4 protein chains.
Amino acid sequence: MSVTKAPRVEQRSDTRMHALLEAALEVFAERGYRTARLDDVAEAAGVTKGAIYHYFDTKEALLLGVVEHYQALAFDRAEEALRDSRMPATARIRLLMRKVFANGDPESGQRLLTLLIGGLAHEVPVVHARWLQDGPARLWKMIGRLVEEGKKRGEFRPDADGEVGARLLVSGLMLQRMWQQHADDVPGLAVDHDRLIDSSVELFLASLRAPSGTRSSAT
Amino acid sequence: MSVTKAPRVEQRSDTRMHALLEAALEVFAERGYRTARLDDVAEAAGVTKGAIYHYFDTKEALLLGVVEHYQALAFDRAEEALRDSRMPATARIRLLMRKVFANGDPESGQRLLTLLIGGLAHEVPVVHARWLQDGPARLWKMIGRLVEEGKKRGEFRPDADGEVGARLLVSGLMLQRMWQQHADDVPGLAVDHDRLIDSSVELFLASLRAPSGTRSSAT
Amino acid sequence: MSVTKAPRVEQRSDTRMHALLEAALEVFAERGYRTARLDDVAEAAGVTKGAIYHYFDTKEALLLGVVEHYQALAFDRAEEALRDSRMPATARIRLLMRKVFANGDPESGQRLLTLLIGGLAHEVPVVHARWLQDGPARLWKMIGRLVEEGKKRGEFRPDADGEVGARLLVSGLMLQRMWQQHADDVPGLAVDHDRLIDSSVELFLASLRAPSGTRSSAT
Amino acid sequence: MSVTKAPRVEQRSDTRMHALLEAALEVFAERGYRTARLDDVAEAAGVTKGAIYHYFDTKEALLLGVVEHYQALAFDRAEEALRDSRMPATARIRLLMRKVFANGDPESGQRLLTLLIGGLAHEVPVVHARWLQDGPARLWKMIGRLVEEGKKRGEFRPDADGEVGARLLVSGLMLQRMWQQHADDVPGLAVDHDRLIDSSVELFLASLRAPSGTRSSAT
DNA sequence: CATGAATGAGGTTTCATTCAT
DNA sequence: GATGAATGAAACCTCATTCAT
C-alpha cells in the first residue's frame with residue numbers, strides 16, 4: 001500500500017510545483033522580482049501565499065527554481081540541436097539559434113529574459129551571476145566552438161573575431177527580445193520576431209564568411 | 001544667517017543639483033533603483049534626505065533627471081560625430097559607435113546602462129519607455145540611415161537587413177557593456193573593452209559589405 | 001493494513017500519548033512554549049503534526065497535559081514522603097525537599113521549571129495560574145504546616161515567620177534550579193546540585209530553630 | 001545658531017528615548033516580549049511604530065535598552081547603600097536588600113522581573129544571560145562578600161554556607177515578587193510586600209547568626 | 001488512526017514622503 | 001533653503017489548525 005501512496009504524493013507535489021514555477025515566471029516577469037508580491041504568485045498559481053513555503057523556503061529560492069527550470073529547458077533544446085547533426089557549421093549555428101530563441105512559446109521566452117536581464121543584477125546578485133554564467137556565456141561559447149570548426153573547414157575566414165561576434169549575436173538578440181515586450185509603448189520598436197532572428201543570424205554568418213575567391217587558402 | 005544665503009542661490013542650486021544627479025547615478029547604479037534608498041543618495045551627495053525634495057518632487061523625478069542628463073550628454077557626443085564629416089558611411093559608423101560607447105569615462109557609461117537596462121522596465125515603466133525611445137532606438141535609427149547612405153554609394157550590398165543589423169549592434173554592445181560590471185563574479189565574462197567595440201563594429205560592417213569580386217572593390 | 005490496526009488501539013494510544021508528553025516537555029523546555037513549533041514536537045515524538053490533534057485539541061491543551069502529568073508525578077513523591085513518617089518536623093522537611101527537588105532525573109526537573117516559570121505567565125496565563133496554585137503554593141503550604149507542627153513541639157521558635165520562610169525556600173530553589181540550565185553561558189553561575197538543596201534546607205531550618213539555651217523564653 | 005540647535009535635538013531625543021523605554025517595559029512586562037507587538041509599545045509611548053526604529057535598530061535592541069536602563073538604576077541604588085556605611089554586616093545587608101527590592105515604585109520592579117525571569121531565556125538568550133550575570137548573580141555575590149565580612153567580625157557563624165544562602169535569598173525574593181503580579185488570579189498567593197522582604201532578610205540573617213552563648217567557640 | 005498539504009492571520013522591518021523648526 | 005524626526009503603507013515569513021485521503 002505504501003507503494004502506491006508515495007507516487008501519488010509525488011505526482012501532486014510535482015504538479016503544484018510546476019504550477020508555481022509557471023505562475024512565478026509570469027508574475028516575476030510582469031512585475032519584476034522585487035515588485036512582485038508573493039500573494040500575486042500564489043493567486044496566479046491558484047493557492048494561498050503560505051502554500052508556496054511548502055515548496056520553496058524563500059522568495060529567492062522560488063526565483064532560483066524558476067531560473068534553473070527554464071534554463072534547463074532551453075539548453076535541452078540547444079544540445080539536441082547540436083547533437084543531431086554533422087552538418088556544416090553554418091547550418092548548425094542557424095539551427096542552434098532557432099532552437100534557443102525561436103521556441104514554440106515566444107511569450108515565455110521573452111518573459112524569462114525580461115526577468116533575468118532586468119533588475120536581478122541588483123536584487124539577487126547571486127542568482128544573476130549564476131544565470132549569466134550558465135546561460136548567455138555558455139551559449140556564446142557553444143557558438144564560438146562552432147565558429148572555430150567552421151574556420152577549420154574553410155567556411156569562415158580565419159581572421160574573424162568569432163568570440164566577440166558570438167557575444168554580440170547572443171546579447172543583441174536577448175536584449176531585442178526583451179524589449180519587444182514594450183513594443184506597444186515605444187513607437188518604432190516592434191520588429192517581426194522571425195525576421196529579427198533570421199536576419200541576425202544571416203548577418204552574423206555573413207560577417208564571418210570567407211570572402212569569395214579565397215575559399216581554400218587560409219589557416 | 002540670511003545675509004549669506006541670498007546672493008548665490010542660483011549658483012548653489014545648480015551645484016547641488018549636479019551633485020545630486022551624480023550621486024543618484026552612482027547610488028542607483030550600484031544598488032538598483034528600487035533597492036537604493038534616498039538616504040544613501042543624500043549621503044553620497046553630502047546633504048540630508050529632506051533636501052532632495054527641494055530639487056525633485058519625487059524619487060522618480062530624480063531618476064528621470066538622471067536619465068535625461070546623461071542621455072543628453074551621450075547624444076551630444078553622437079551628433080557631434082555625425083555633423084563633423086562627409087566621410088564614407090563606414091567611417092562614420094565607426095566614429096559614431098566610438099563616440100557613444102568608448103567615451104572617456106567607461107565607468108559611468110556602464111553604470112548608466114546597468115541602471116537603465118536593469119529593473120527599470122518594471123519599476124518605472126514610463127521612464128524606461130522614454131529612455132528606450134530616445135536612447136537605443138534613436139541610435140540604431142541613426143545607424144540605419146548611415147547604412148542606407150552606404151548602400152546608395154555602393155559601400156554596402158543592397159540586400160542586407162541594415163535595420164536589424166543596427167539593432168543587433170546597439171543592443172549587443174549595450175548588454176555586453178552592462179555585463180562587464182559583473183566580470184569579477186563570472187569567470188570568462190571579461191573582454192577587453194576596445195576589442196569588444198572594434199570587433200563588433202568591424203563584424204557589423206563586414207556583414208553589410210558587398211561581396212568582394214563583385215561591385216567595384218572599393219573600401 | 002486495517003488488519004493490524006484494530007487489536008491494540010488502547011495500548012498504542014497510551015504509548016503515543018506518553019511519547020507525546022515527553023516530547024512536548026523536551027521541546028517546550030528547550031525552545032519555550034511560544035517559540036516551539038508543533039512540528040518539532042511531532043518530530044521528537046516520531047509522528048506527524050496532524051497526529052497530535054488526535055490526542056490534544058490544541059497546543060495549549062498539550063501544554064496543560066504536560067504540566068499536569070509531571071506535576072502529579074512530583075506530588076506523588078512529595079506525599080509519599082510525608083505519609084511515611086512520624087519523624088520530627090525537621091526531618092520531614094528535609095525529606096520533603098529532597099523528594100521534590102532531588103528527584104532521580106534532575107534534567108527533567110530543570111526542564112519543567114524552565115518551562116513553567118518562564119514565559120508561560122504571559123503566553124498561557126490560565127495554565128500558569130493553575131500551576132502556581134497547585135504546584136509551588138501547595139508545596140510551601142505543606143512546609144508551612146510542618147513548621148507549625150515543629151513550633152508546637154518546640155523544635156522551632158514560635159516567632160519565626162514560617163510562611164515567608166517556606167515561600168523563600170521553595171521559590172529560591174526553583175529559580176536557582178531553573179537558572180542552572182544556563183550554567184554554561186554565565187560564568188560563576190553553576191553550583192553543585194546537592195549542595196544547593198542541602199545548604200538551603202539547613203539554612204532554612206537554622207533560621208527557624210529555637211536559639212540554644214533559650215528554649216522556652218520566646219521572642 | 002548651531003549652538004542652540006544641538007541641545008534641543010538632544011533634549012527631544014532623550015525625552016522620546018525615555019518614553020520609549022518606559023513604554024517598552026510596560027508592554028513587554030504586560031504581554032511578554034514575544035507576545036508584545038511593537039504597535040503596542042508605540043501606542044503606549046504615543047508615537048507610531050516606525051518611530052521606534054529611529055532609536056532602536058530592532059525589537060531586540062529595544063529590549064536590551066530596557067534591561068540595561070533599569071538594571072543600571074537598581075545597581076546605582078545598591079551601590080549607594082553599600083558605600084554609605086561602615087555599619088555591621090547585618091545592617092548593611094538589610095539596607096542593601098531594601099534598596100534593591102523595596103524601591104519607591106514596586107510596580108516597575110515587579111514588571112521588570114516578570115519580563116526578565118520569564119520567557120526571555122528562550123526568546124532572547126543573549127539578553128537573558130547578560131542580565132543573569134550582571135543582575136542576580138552580581139547581587140548575590142555582593143551579599144556573599146558581606147557575609148564573609150560578618151564572619152570575620154564574629155557576627156555570623158563561620159560554618160554557614162553564605163553563598164547558597166545569598167542565592168536563595170535573591171532568587172526567592174525575585175520569584176516571589178514576580179508572582180505577586182498574579183496575586184489576583186491565585187488565591188492565597190498574595191503577601192504583604194514589606195513583610196516578605198523583612199521576614200526574608202531576618203530569616204536569612206538568623207540562619208547565619210552565631211548561636212547565642214557560643215560566640216567564640218566555633219562550629 | 002495517521003498523513004501532510006493548505007490556509008490565513010499576524011508581526012517585524014523598510015523607506016518614500018511630509019512638516020515643524 | 002535645509003534638517004531629521006515621524007508617519008504609515010507594504011511585504012515577507014511563520015505556524016497553529018484543518019481536512020481530504
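Keep in mind the model is a prediction, meaning the values are calculated, not measured. Below, read A as the first sequence line, B as the second, and so on, with proteins coming before strands; counting in each chain starts at 1.
- Comparing F:dC12, F:dG4, E:dG11 against the side chain of B:T48 picks out F:dG4 as the nearest.
- Taking atom CG on B:D39 and atom P on F:dA2, their separation rounds to 17 Å, with Å as the unit.
- Contact check on B:R130 versus B:E68 returns a salt bridge, with a Lys/Arg side-chain nitrogen under 4.0 Å from an Asp/Glu carboxylate oxygen.
- Summarising the geometry of C:F56 relative to C:G65, their closest heavy-atom pair is CE2-CA, 4.5 Å, with the distance given to 0.1 Å.
- Distance, D:L62 CG to E:dT12 P: 11 Å, rounded to whole Å.
- Rounded to whole angstrom, the span from the CG atom of D:L20 across to the C1' atom of F:dA6 amounts to 12 Å.
- Per the geometry, CD belonging to C:E123 stands 14 Å off C1' belonging to F:dA16, to the nearest Å.
- Look at C:T58 and you won't find any side-chain N or O under 4.0 angstrom from OP1 or OP2 of F:dA16.
- For C:R16, a side-chain nitrogen or oxygen approaches OP1 or OP2 of E:dA2 to under 4.0 Å.
- We find that CZ of B:R37 is positioned 15 Å from P of E:dT13, with the value rounded to whole Å.
- Annotation: cation-pi geometry not satisfied between A:K59 and A:Y53 (NZ/CZ under 6.0 angstrom from ring centroid, within 45° of ring axis).
- Nearest-nucleotide mapping onto DNA chain E: of A:I52 and D:D57, the residue sitting toward the 5' end is A:I52.
- Straight-line distance from the CG atom of A:L63 to the P atom of F:dC12: 13 Å, rounded to whole Å.
- Between A:L113 and A:M178, the shortest heavy-atom contact is O-SD, 4.1 Å.
- One can find a donor-acceptor pair under 3.5 Å joining the base of F:dA2 and the side-chain atoms of B:H54.
- Ring to ring, A:H18 and A:H69 are close: their centroids are under 6.0 angstrom apart.
- Remark: P of F:dT17 and CG of C:L38 are 7 Å apart, rounded to the nearest angstrom.
- Regarding D:E43, its CD atom lies at a distance of 16 Å from the C1' atom of E:dG11, rounded to whole Å.
- The phosphate of E:dC19 has neither OP1 nor OP2 within less than 4.0 Å of any side-chain N or O from B:Y53.
- Heavy-atom distances to DNA chain F give each of A:A51 and D:A51 a nearest nucleotide, and the one nearer the 5′ end belongs to D:A51.
- Comparing A:E60 and D:V47 along DNA chain F, the residue whose closest nucleotide (by nearest heavy atom) sits nearer the 5' end is D:V47.
- D:A36 comes within 4.0 angstrom of sugar-phosphate atoms only, judged by non-hydrogen atoms across all strands, and of no base.
- Between the base of F:dT7 and the side chain of D:K49 there is no donor-acceptor pair shorter than 3.5 Å.
- In a base pair of the Watson-Crick type (N1 to N3 plus N6-O4 or O6-N4) or a G-U wobble (N1-O2 and O6-N3), with each distance short of 3.5 Å, F:dT7 is matched with E:dA16.
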